[in-house]
Amino acid sequence: MGNKKIQFIDLDSLNPKNVVVKLSAILKRYLIGEKINIYQEIKNIDLELPIYEKFKSNFSRSVINWILNNINYGQITSYSEIGKKLNSKAYRVIGSILKKNNYPLIIPCHRIIKGDGTIGGFMGKSNDSWQRNLKKRLLRIEGIDIT
DNA sequence: TCTTAAATCGTTG
DNA sequence: CAACGATTTAAGA
């Protein structure tokens, strides 16, 4: 009861062919500060992720593809900037689309913040929440401080 | 700097 | 077709 000890898994001791191990290794590299492109790293392992499953419409795919092609590690942009690039004023719609992202980090929606420089929503939550704090921490890892 | 109101438009039911 | 938003802009206190 009171004397449980936390067991840490030694990733290096596990079968490196296991996709979970591979994913863990990628995440580990990211979390310790290596400036990797997680989306590219995912492509290199034997795993197909249905990242477009939730994005059927032309507009939503344009948003996702624009982010994947233009926003790299350590870079941020805003919902309105994406709108301008896509010739649309549907700023809130862009937020609604990113809300459906089932693959945060892989589709790096944590790098999309509000136009006024504040953090904006993350993982469905637009109010104060652990999700928004996580978004700040991810950006902090990438060298960006959002107050 | 706050707080509020209105504009905005693709998606959803 | 109306209602909804991970937003934005402007206006007022």
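Naming: A, B, ... by sequence-line order, numbering from 1 per chain. Keep in mind that this is a model prediction, so the values were computed, not measured. Computed over heavy atoms, backbone and side chain alike; hydrogens, waters and symmetry mates excluded.
Between A:S80 and the phosphate of C:dT8, there is a side-chain N or O to OP1/OP2 separation shorter than 4.0 Å.
Distance, A:I97 CD1 to C:dT7 C1': 13 Å, rounded to whole Å. Atom OH of A:Y79 and atom P of B:dT8 are 21 Å apart (whole Å). The nearest whole Å value for the distance from the NZ atom in A:K136 to the P atom in C:dA6 is 18 Å. Put simply, CZ on A:F55 is 10 Å from P on B:dT12, counting in whole angstrom units. The distance between atom NZ of A:K100 and atom P of B:dT12, rounded to the nearest whole Å, is 3 Å. Rounded to an integer number of Å, the gap from CD1 of A:I76 to P of C:dA6 is 20 Å. One atom, OH of A:Y91, and another, P of C:dA6, lie 17 Å apart when rounded to the nearest Å. When rounded to the nearest whole Å, the span between NZ of A:K114 and C1' of C:dA6 equals 9 Å.
Residues A:K89 and A:S57 each lie close to DNA chain B; by heavy-atom proximity, the contact nearer the 5' end of the strand is made by A:K89. Summary of the strand contacts: A:G95 and A:K84 both lie near DNA chain C, and taking for each the nucleotide with the nearest heavy atom, the more 5' one is attributed to A:G95. Where A:V93 and A:E81 meet DNA chain C, the nucleotide closest to each residue was compared, and A:V93 sits on the side nearer the 5' end.
Base-pair partner of C:dA6: not found among the strands shown (Watson-Crick or G-U wobble, both distances under 3.5 Å). Pairing for B:dT8 is absent, with no Watson-Crick or G-U wobble pair whose two atom distances lie under 3.5 Å.
Side-chain contact between A:T118 and A:I113: absent, with no pair of heavy atoms (C-beta onward) separated by less than 4.5 Å. Looking at heavy atoms from C-beta onward, A:L98 lies in side-chain contact with A:Y79 at the 4.5 angstrom threshold. Contact of the A:P108 side chain with the A:I67 side chain is registered, since non-hydrogen atoms from C-beta on lie closer than 4.5 Å. A:I45 is listed as a side-chain neighbour of A:I26, based on a closest heavy-atom distance under 4.5 Å.
Considering only side-chain atoms of A:R92, the nucleotide from B:dC9, B:dT8, C:dT8 that sits closest is B:dT8.
Among the protein residues, A:K99 comes within range of the nucleic acid bases, having at least one heavy atom under 4.0 Å from a base atom. Using a 4.0 Å heavy-atom criterion, one finds that A:F122 contacts the bases of the nucleic acid, with or without backbone contacts as well.
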Under the side chain to side chain contact (heavy atoms under 4.5 Å, CB included) criterion, do A:I38 and A:Y30 qualify, and how do the steps go?
CA-CA 8 Å; A:I38 296 180; A:Y30 174 77; 3.8 Å; yes
